[in-house]
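Everything below concerns the one structure shown next.
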Amino acid sequence: AGLHPCSPLSKKTLFSSHIFLLAGCLQIPNSKLLFYTFMLLVRCTLNHIFIESRIRNGHFRRREKNSSSGDVKKWKSDRVYIDKHGKWRIFDHKKISRKRCGSLRGQGWKYGSGFVDGIFPVLSPVAHQILNFVRKEVDPNNVWAALDTLPVTHETWDDLINVAVQLRLNKQWDPIALICQWILYKSSFQTDVMCYNLLIDAYGQKSLYKKAEETYVDLLQARCIPTEDTYALLIKAYCACGLLAKAEAAFVDMRKYGLPPSAIVYNAYIDGLMKAGNPQRAIEIFQRLKNDGCQPSTDTYTLLINLHGKASQSYMALKLFNEMRSQKCRPDICTYTALVNAFAREGLCEKAEEIFEQMQEDKLEPDVYTYNALMEAYSRAGFPYGAAEIFSLMRHMGCEPDRASYNIMVDAYGRAGLHEDAQAVFNEMKRLGITPTMKSHMLLLCAYSRARNVDKCEEIVNQMSESGLEPDTFVLNSMMHLYGRLGQFEKMEGILTAMEKGPYEADISTYNILINIYGRAGFFERMEGIFQSLPSKNLKPDVVTWTSRLGAYSRKKLYARCLEIFEEMIDAGCHPDGGTAKVLLSACSSEDQIEQVTTVIRTMHKGMEAALPA
């Protein structure tokens with residue numbers, strides 16, 4: 001047939017001719033002969049051919065894996081191979097799923113995870129050396145000069161991608177950018193969409209949206225086909241910078257390249273909007289997802305349950321959870337944890353425990369985050385010993401408590417006024433070698449603040465400074481509140497002066513404390529002065545601000561003045577909550593006034609229901 005005698009195909013041809021001669025001697029029918037010949041050819045020495053493009057030199061290397069003699073290298077055309085069933089197939093190297101010991105080019109990596117199949121990168125000794133070097137070296141030229149010394153091989157490629165993914169898991173964005181820049185712009189490796197995606201992700205995480213944009217343009221100019229991950233990461237980068245118009249434009253671009261928006265892209269958009277502090281827009285995007293006929297994934301529902309949980313809307317979180325199950329979308333451990341957290345934020349410990357039990361019935365093992373969420377539910381409900389039982393159960397089940405677990409216990413005892421128990425947990429945490437963070441100190445500070453123990457609170461603040469933890473706005477607000485409740489106005493105002501002149505930024509909570517303290521003390525002029533000064537400080541009164549101001553006049557039964565402030569609040573676009581209604585009702589001194597306030601609140605409630613999306 002004109003084939004080289006050493007080529008695999010010529011060997012197969014000779015082998016086939018021998019089979020036909022043998023069949024003539026044994027008188028095997030032609031139909032069975034063809035079948036047996038095919039099966040023998042499939043199981044002959046050439047098991048399969050794996051083709052992979054690697055180096056930008058106009059050719060492609062074909063690797064033939066031979067069970068007896070190892071790898072045989074030949075130069076052939078890309079995209080054709082014989083699978084393990086003996087069938088000729090054509091493949092797209094961008095869509096190959098990760099195989100053990102296989103190449104990583106264009107495969108495996110997805111938005112929000114390490115690899116598609118959940119396999120974390122296993123680093124070779126060389127990869128470990130690269131990882132340690134890029135973590136320490138910050139000069140790009142030194143990094144690129146070191147990478148230039150590496151051989152341009154399959155193994156080097158795998159090592160570099162493994163290192164980049166490992167760095168991504170550790171959220172080390174600068175070394176990722178250096179590695180990807182070298183691969184794409186300085187090496188002789190074939191450009192790959194995965195490298196572009198990793199680079200866009202690194203820039204997006206650092207809010208460098210212009211560089212992410214430039215990388216996307218480079219991807220198109222290199223004639224790489226963008227994937228849904230590309231657009232997911234680009235949209236998330238825009239959302240992080242508050243550029244919603246550009247995020248929408250990315251959707252249009254995606255459709256232009258024939259990629260309909262998928263759950264992965266929508267999830268990135270929703271996640272980006274949530275992190276950018278725009279939950280209402282995130283809900284709108286979720287509705288658009290369903291209107292576009294795109295099936296929400298488990299991650300989609302988990303994001304929305306988290307959103308409503310953080311807004312103290314556990315009833316909406318539960319509604320989404322039930323919708324999810326009705327759509328045959330299986331909740332995972334993150335979904336259950338998000339729902340337990342939603343109930344925990346409102347102190348609904350019984351509902352949280354129901355969901356916890358339901359999760360176990362679904363054969364999902366609780367992790368430390370789930371136990372922490374359930375502990376938080378008991379803490380906020382005012383049952384510290386219930387939280388302690390969950391803490392003991394967690395340890396009994398072999399789940400090791402983390403720093404957050406101890407912080408929750410400090411908070412649980414502090415909320416219940418058991419500051420000595422809170423101190424004991426704090427000490428135990430230090431004894432076990434867990435370094436208390438700023439939050440740990442703040443929770444202990446709040447515990448002693450509730451007990452009005454000024455000396456201990458001041459001692460904790462000093463301990464923080466000695467530990468190298470500079471007190472932040474929350475700590476100073478706590479001290480202001482404590483001094484105010486004890487009537488030590490000079491110390492309270494001294495902290496305010498230090499915050500306004502020093503590096504600490506006074507926020508709306510700072511001034512809410514002052515309005516509340518002055519209002520309770522009957523210093524209406526000081527209170528109104530603080531309130532009127534807020535616009536000049538670029539601060540907008542929130543519902544707590546208005547309610548604190550209302551409370552000052554409500555205690556004096558100044559009903560008419562309360563109604564005036566309530567009308568101002570509505571005109572300012574601030575929606576009252578349950579606390580506002582209670583304060584307004586407490587200002588009433590007659591049945592007529594109670595009826596009038598009740599009517600106003602009911603009317604407003606109906607109006608808000610009509611304004612809110614179904």
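Computation of the quantities below employed the complete heavy-atom set of this structure, encompassing side-chain atoms and omitting hydrogens, waters and symmetry-equivalent molecules.
Side chain of Asn291 to backbone of Gln287: a donor-acceptor contact under 3.5 angstrom is found. Counting only distance, with no hydrogens or angles, the side chain of Ser440 and the backbone of Thr437 share a donor-acceptor pair below 3.5 Å. A donor-acceptor pair is defined here as one N or O able to donate and one able to accept, closer than 3.5 Å; no such pair exists between the side chain of Arg330 and the backbone of Thr298. For Ser379 (side chain) and Met375 (main-chain N/O), no donor-acceptor pair under 3.5 Å exists by modelled atom type. A donor-acceptor pair under 3.5 Å is absent between the side-chain atoms of Ser449 and the main chain of Leu445, judged by distance alone. At least one donor-acceptor pair under 3.5 Å links the side chain of Asp542 to the backbone N or O of Val544. A donor-acceptor contact shorter than 3.5 Å is absent between the side chain of Asp411 and the backbone of Asn407. Looking at Asp472, its side chain does come within 3.5 Å of a backbone N or O of Val475 through a donor-acceptor pair. Side-chain atoms of Glu346 come within 3.5 Å of backbone atoms of Ser314 as a donor-acceptor pair (strictly under, hydrogens ignored). Between the side chain of Thr156 and the main chain of Val152, no donor-acceptor pair closer than 3.5 Å is present.
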Test log, rule side-chain contact (heavy atoms from CB on, under 4.5 Å), inputs Leu123 and Leu131: CA-CA 9 Å; Leu123 302 182; Leu131 180 65; 3.6 Å; yes

List the steps and the verdict of side-chain contact (heavy atoms from CB on, under 4.5 Å) for Ile515 and Phe531. CA-CA 7 Å; Ile515 289 170; Phe531 181 82; 4.3 Å; yes

Before giving the answer on side-chain contact (heavy atoms from CB on, under 4.5 Å), spell out for Tyr203 and Cys180 the whole-Å C-alpha distance, their side-chain angles and the decisive distance to 0.1 Å. CA-CA 11 Å; Tyr203 287 141; Cys180 292; over 6 Å; no

Test side-chain hydrogen bond (donor to acceptor under 3.5 Å, both in side chains) on Thr370 and Asp367 and set out the steps. CA-CA 5 Å; Thr370 317; Asp367 59 10; 2.7 Å; yes

Please assess Lys211 against Glu214 for the test salt bridge (Lys or Arg N to Asp or Glu O under 4.0 Å), listing each intermediate value before the final yes or no. CA-CA 5 Å; Lys211 287 193 173 183; Glu214 290 169 5; over 6 Å; no

Between Ile225 and Val193, is a side-chain contact (heavy atoms from CB on, under 4.5 Å) present by the stated rule, with each step listed? CA-CA 7 Å; Ile225 300 172; Val193 69; over 6 Å; no

Residues Asp148, Trp182; criterion side-chain hydrogen bond (donor to acceptor under 3.5 Å, both in side chains); working and verdict: CA-CA 9 Å; Asp148 284 337; Trp182 180 82; 2.7 Å; yes

Decide yes or no on side-chain hydrogen bond (donor to acceptor under 3.5 Å, both in side chains) for Asp159 and Ser124, but give the supporting numbers first. CA-CA 7 Å; Asp159 286 339; Ser124 68; 2.8 Å; yes

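Here the shortest heavy-atom pairing between Leu244 and Cys239 reads CD2-SG, 4.4 Å. Annotation for Ala373 and Ala344: closest pair O-CB, 3.3 Å, computed over non-hydrogen atoms. The heavy-atom pair separating Ser297 from Cys329 by the smallest distance is C-SG, 3.7 Å. Heavy atoms only, all atoms of each residue included: Thr547 and Asp577 are closest at OG1-OD1, 4.3 Å. Nearest approach of Lys275 to Lys236, heavy atoms of both residues: NZ-NZ, 3.6 Å. Residue Val543 comes nearest to His575 through the heavy atom pair CG2-O, 3.6 Å, listed as atom of the first residue, atom of the second, then distance.
No more than 12 heavy-atom neighbours from other residues, nucleotides or ligands sit within 6.0 angstrom of NZ on Lys210. Atom OH of Tyr369 has 12 or fewer heavy atoms from other residues, nucleotides or ligands within 6.0 Å. Counting heavy-atom neighbours within 6.0 Å of Glu505 CD, excluding the residue itself, gives a total of 12 or less.
Under the 4.5 Å side-chain criterion, counting only non-hydrogen atoms from C-beta, Arg549 is in contact with Trp546. Annotation: side chain of Tyr301 is in contact with side chain of Glu323 (closest heavy-atom distance under 4.5 Å). Annotation: side chain of Ile161 is in contact with side chain of Cys195 (closest heavy-atom distance under 4.5 Å). Side-chain contact check for Met316 versus Leu304: every heavy-atom pair is 4.5 Å or farther apart. Looking at Tyr196 and Leu184, their side chains come closer than 4.5 Å, going by heavy atoms from C-beta outward. Counting only heavy atoms from C-beta outward, the side chains of Asp402 and Asn372 approach each other to under 4.5 Å. Contact of the Gln172 side chain with the Arg135 side chain is registered, since non-hydrogen atoms from C-beta on lie closer than 4.5 Å. The shortest side-chain heavy-atom distance between Lys186 and Gln181 does not fall under the 4.5 Å cut-off.
With 3.5 Å as the limit, one finds no donor-acceptor pair spanning the side chains of Thr215 and Asp218. Donor-acceptor pairing under 3.5 Å is lacking for the side chains of Thr302 and Asp299.
Aromatic ring centres of Tyr266 and Phe251 lie closer together than 6.0 Å.
Using a 4.0 Å cut-off between a side-chain N of Lys or Arg and a carboxylate O of Asp or Glu, Glu213 and Lys246 qualify as a salt bridge.
Atoms CG and CG, on Leu514 and Leu496 in that order, are 5.5 Å from each other to the nearest 0.5 Å. With rounding to the nearest 0.5 Å, the separation of CG in Leu307 from CD1 in Ile270 is 9.0 Å. For the atom pair CG (Leu233) and CG (Leu199), the distance works out to 11.0 Å, reported to the nearest 0.5 Å. For the atom pair OG (Ser187) and CH2 (Trp144), the distance works out to 12.0 Å, reported to the nearest 0.5 Å. If you take CG on Leu374 and CD1 on Ile408, they are separated by 10.0 Å, rounding to the nearest 0.5 Å. Note that the CG atom of Asn197 and the CG atom of Leu219 stand 7.0 Å from one another [nearest 0.5 Å].
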